[in-house]
Structures are given as structure tokens and as C-alpha cells.
Protein chains: 2
Amino acid sequence: MLAYAFVAQTPAVDEAMISGIEQAGIEQAPNFQPLYRQIRLLILKRLAKNTWRPGEMLPSETKLAQQFRVSQGTVRKALDELAGQNLVVRQQGKGTFVAQHTPHRALFHFFHLVGDDGSRKLPESRLISCASGRAEPRERECLALSSRAHVVRIRRVRSLDATPVIVESICVPAAQFQGLTDASPAELPNTLYAFYEQRFQVVIAHAVERLKAVSANAEEVRLLKLPRGAPLLEIERIALGHEHNPIEWRRSRCHTDNCHYLNELD
Amino acid sequence: MLAYAFVAQTPAVDEAMISGIEQAGIEQAPNFQPLYRQIRLLILKRLAKNTWRPGEMLPSETKLAQQFRVSQGTVRKALDELAGQNLVVRQQGKGTFVAQHTPHRALFHFFHLVGDDGSRKLPESRLISCASGRAEPRERECLALSSRAHVVRIRRVRSLDATPVIVESICVPAAQFQGLTDASPAELPNTLYAFYEQRFQVVIAHAVERLKAVSANAEEVRLLKLPRGAPLLEIERIALGHEHNPIEWRRSRCHTDNCHYLNELD
DNA sequence: GAGTGGTCTAGACCACAGC
DNA sequence: CTGTGGTCTAGACCACTCG
């Protein structure tokens, strides 16, 4: 029952991490965690604090083990879990690195639209608009913003094989993206998350997508050259940081006659 | 370079498992695997062979380690990977069990439609038809069947909160499901995969889903009480066995005004 | 060669389930 | 009490990378 609170003779893992221990004595729900999970949390906090930049190497397992006063195997298990969540990348002979948003990651982890022939490509993007303004209620809700917060809104059309197939609306808090509206349209890259990382030190770690079928509205009909009321696949995504804090709200409406959204289950 | 082929003094892991070793000497692409992966494959083969039934307990780590002549930690790592794929379930103090299709698994791993209010429910099913016939080309393609194979086709309407929202077509090879058409309609349960397991010893281990937006056809309009041409979310699923052999082809067309398909990314 | 992560082993101890 | 999986440790050796 008292397991895993303190294992090493010395406090091990200091940093005020055992935050759940109460002095109230009785029947407290035990939020004790195995050592390797406590280590994992400590490393996660450092990731969230940007202690190391994306792409940078973490200290070696041995060094971390010394710092935390645990065995190397325990650190390994913590790092393995983080690697399983794609938060760090491990490379034999080189080291453990903070995960980065590469084109490969965009394609295989964050973009699930695949051609009906099985082809996987990132669509080209054409910017329509990029401007800031007071956040609307829905935007505040999705991004957990206060009532006077401002946001930056980006709209673009994305094409696969030179055919426009997606109308995309993106919304991010202006506070975390100072100067985004000043960026020249040509500067806004196709894969935004790497851009967020490099330009604004904002790291997207997770995302949740919600899909519906909708009818194309007048603008979508025009932009995608569709018949009136054509069915579109709406993908609404909320992208989250390391602490699951919402960072970006995105709505993509996709013409899926020649492509589909692919998902693997177990 | 020669690592991991044989580690223990005795051959360890017999069963003719090192199938990739060629007598041709030079520059063979090494399909050497770490020991724990070889162990994992052996256990996987036993799962595929139905050596143990779903829900049954596997031998303990210690016993498996003795059988395979490796250390318990190596078996543990193999089992951990299998547990990560939801192919086995580990329970402290009890044992390791072959994964089963429970209502919980259906709801959280195989059914991604969620109410817009966040509610997760399995929809009720009403059977429309269940009959067998010669497999059509598309069915043969999806299920990897020969040209004279027969299939069983099931159609049903599924309702959330007493509102019909899904029209579902299911197709399985008749050969693996002898007597399915004789089953009384009342006997066909809402969650089919548990039924497949228990009645036909057919185990669904994975699945791939492809989503599109489509327009409701006349029948769907009637069954779901929709306006003509209403947009529907089409979910096409191919369910696979342990060896990734296709077992079921399913197409669900969903009315998503009050629900959505939920997917989490990393 | 030095440093990194990856594998394998062995042993100790813990938590949990069930008789 | 016994047997199970879960954690933690320690040490040996391997493969890979880079200077």
C-alpha cells in the first residue's frame, strides 16, 4: 500500500514531486506512482518548460539516472514510455532527442487523408487570409481563452495533385503567436507545426480530431469547384501542448471523392 | 552483425523459428531479431492457432521462460509488447489472458462514434436482412476470397437514443461462418465480435477504417428519415485476424448531426 | 576509442488474487 | 500461504555513431 513513495534511501527524485502526499491521515486515495512514472513526469515537466528545444539531445540515461538517484533501468523505462508517445525519439548510438515536427511526422501522425489508391501526400496550401481579432465564444471555448483574448485566424485551400480538396480554417491565440499576422504569406509554410516550434517556441504534442459529414456551403462550392450541397468530410482538430493545453483549433472540410481518412484500430 | 541469432548455449527457442537463416553465405539481409521479439512471434503464432481460447490464461512468465529457455525478463518484454497491442491482457496477481471482445473493448477500441455532448454509447441494432450468396468482385477483393467463394451479408440499422443513425452492411466469408444465416435474428447480438469468437472461433485482432463523406441514397433516406441527399459519414472497415488476414468487411453510413467520429493523434 | 542506446540476464522485493 | 504479474536494481555484453 505504501509502495513506490520513496524507494532509495535518500529522497531520490526531489523537486517536490510527490505532490500528492497529504498529512490528513486516513484512507487518502493513494496517488503513489512507480518510480519510473515519477521520473517520466519529471522529464515531461522539463519538456513542457522547454528545458531542451525540439531536436535537442537529452542527457544520457546514465546522466539522468545519476541526477534522479535511480538506476539506469528505471530511467530507461521512463524514456521508453515517452518514446511510445512520440514525445522523444531514441537513436541507438546517438542519444535521446526531443521530438520534432518533421514532414514525416506531419504525414504519418498528423495527416490521415490518404488517396484512394493508397498514396500518401501532404497537400499544397494556398493562403486565403490571415488576420487577428477578438475571439468569438466558440473560439474561446475551444482554446480555453478569457473573454477579452484575441486570436489569429488563417484560412487556406489545400490541393492534392493540383486539385483543391480542402478548405481549412485555423485559429490560434494571438498572445502565443505575436507577429504571426505580420509574417508574409509566402512565409507561412505548408506544415505549420514545425513553424510554430521554430518561430514561436510553441510545441504541439497531441491532438484530438472529430469528424462529421456536412454539406458544402456556397464558399466551399466555389473554392473546391463542387456541385451545390456536395458532401464534405469535416475534420475538427484541437491541437494540444505537453500539458494538454489547447493551442490550435482547426477545421478542415474535405472533398473525399478521391481520398479518404485512414485510421487503424486494435 | 551476427547478434541475436542464438544467445543461449542451447538453441533456445526451437520450433524452427529462425526461419530466415540461409545457408547462402554472403550479405544476406539480416532478419535477425532480438530474442524477445522472437519469443513474441512464437506466442503470436500460438494465439493465431487458437492454442488458448480468448479469455483463457497463458502460462505464467516463469513457465514460458522455462519452455523457451530464456530468462523471465525476456518473456516479460515479449508479453508487454503483446499487451500493448491489446492482444493479451495482464492482471497483477492473476495472470496473462488472451484478449477478449468485451462490451468495453467494443466501445473504446472499435467504436469511435461519440455523441456531440461527449456521451459514449453502443447503438442498438435492428436486423434488416441476413443471407448468403456468391461473393461479388468487390467483396472478394476486400476479403481476399477466391472466385467461387460465398459470403454472408448482414444489414442492420443502428440507433442511438432510439433515433436511427447508422445503416450498416456487413460481409463475412461463409466458409468461416457456417450456420450464421441459420442463427435466429434475435440471436445476432449487438456486438458481433464477441459472437464471432464464441460461436465460430474467429478472432478479430485488428481493423482498418476508411472514412468518406457521401450523400444518402434513397434507402438510407427512408431508413434514417433524412432529407434527400443528406450528407452521411461512411465508415468502411476491414477487420483482421491475428495474422492480418481479412475476416469481415463492413460499411457503416452514419448520420452525424448529433454525433461525431473521435480520433486521438500524437 | 569513447559514448550512446539496446538486449539479456539474475535476483530481490512488492502488490495483488485466491484458496 | 502460494502463485501471479509489477518494480527496481546491477552488471555484462552488443550495436551503432562519431571523432
For this session: Take the protein atom CD1 of A/Ile39 and the nucleotide atom P of D/dT7, then report the distance between them rounded to whole Å.
Result: 14 Å

Exercise. Touch check for B/Gln91, heavy atoms < 4.0 angstrom, all strands: base, sugar-phosphate only, or nothing?
Worked result: sugar-phosphate

Problem set entry | Nearest-nucleotide comparison on DNA chain D, the residue closer to the 5′ end among A/Arg37 and B/Thr96 | B/Thr96

Problem set entry | Interatomic distance, A/Phe68 CZ vs D/dC8 P [rounded to whole Å] | 14 Å

Seminar exercise, completed: Taken to the nearest whole Å, CG/B/Leu79 to P/D/dT7 is 14 Å

Exercise. Once you round it to whole Å, what is the distance between P of D/dT9 and CD of A/Glu61?
Worked result: 13 Å

Exercise. With a non-hydrogen cut-off below 4.0 angstrom, is A/Thr62 in contact with a base, only sugar-phosphate, or nothing?
Worked result: nothing

Seminar exercise, completed: note: A/Gln33, atom CD; D/dG6, atom P; distance rounded to Å ~ 15 Å

Problem set entry | Nearest-nucleotide 5' precedence on DNA chain D, A/Val75 against B/Arg90 | B/Arg90

Problem set entry | Partners meeting side-chain hydrogen bond (donor to acceptor under 3.5 Å, both in side chains) with A/Gln178 (sequence neighbours left out) | none

For this session: Mind calculating the distance between CG (A/Leu58) and C1' (C/dG3) to the nearest angstrom?
Result: 16 Å

With the criterion being N/O to N/O and under 3.5 Å, what pairs connect the protein with nucleotides 1-3 of chain D, and how long is each?
residue: D/dG3; atom: N2; partner: B/Gly93; partner atom: O; Å: 2.8

Exercise. How would you list, by chain and number, every residue that makes a salt bridge (Lys or Arg N to Asp or Glu O under 4.0 Å) with B/Arg120, sequence neighbours excluded?
Worked result: none

For this session: Considering just the side-chain nitrogens and oxygens of A/Ser71, establish if one lies under 4.0 Å of OP1 or OP2 belonging to D/dC8.
Result: no

Exercise. Tell me: CD of A/Gln72 to P of D/dT7, nearest whole Å?
Worked result: 17 Å

For this session: Using only side-chain N and O atoms of A/Tyr36, determine if any of them is under 4.0 Å from OP1 or OP2 of D/dC8.
Result: no

For this session: Go through the structure and list residues passing side-chain contact (heavy atoms from CB on, under 4.5 Å) with B/Gln66, not counting sequence neighbours.
Result: B/Thr62

Problem set entry | Partners passing side-chain contact (heavy atoms from CB on, under 4.5 Å) against A/Leu160 (at least two apart in sequence or in another chain) | A/Lys121, A/Pro123, A/Val165

Exercise. Do the rings of A/Tyr196 and A/Tyr193 sit parallel, tilted or perpendicular, given the 30° and 60° boundaries?
Worked result: tilted

Exercise. In whole Å, what is the span from the CZ atom of B/Arg69 to the P atom of C/dT9?
Worked result: 12 Å

For this session: Go through the N and O atoms of the side chain of B/Arg76 and the base of D/dG5, and report whether any donor-acceptor pair is under 3.5 Å.
Result: no

For this session: When you get a sec, tell me which of D/dG6, D/dC8, C/dT7 is the closest nucleotide to the side chain of B/Lys77?
Result: C/dT7

Exercise. Which residues pass the side-chain hydrogen bond (donor to acceptor under 3.5 Å, both in side chains) test with B/Trp249, sequence neighbours left out?
Worked result: B/Glu236

Problem set entry | Between B/Tyr261 and A/Asn263, a side-chain donor and acceptor under 3.5 Å | yes

Exercise. At under 4.0 Å, does any side-chain N or O of B/Thr74 touch on OP1 or OP2 of C/dT9?
Worked result: yes

Seminar exercise, completed: Of D/dG6, C/dG6, D/dC8, the nucleotide closest to the side chain of A/Leu35 is D/dC8

For this session: Check whether the ring centres of B/Phe110 and B/His101 lie less than 6.0 Å apart, and answer yes or no.
Result: yes

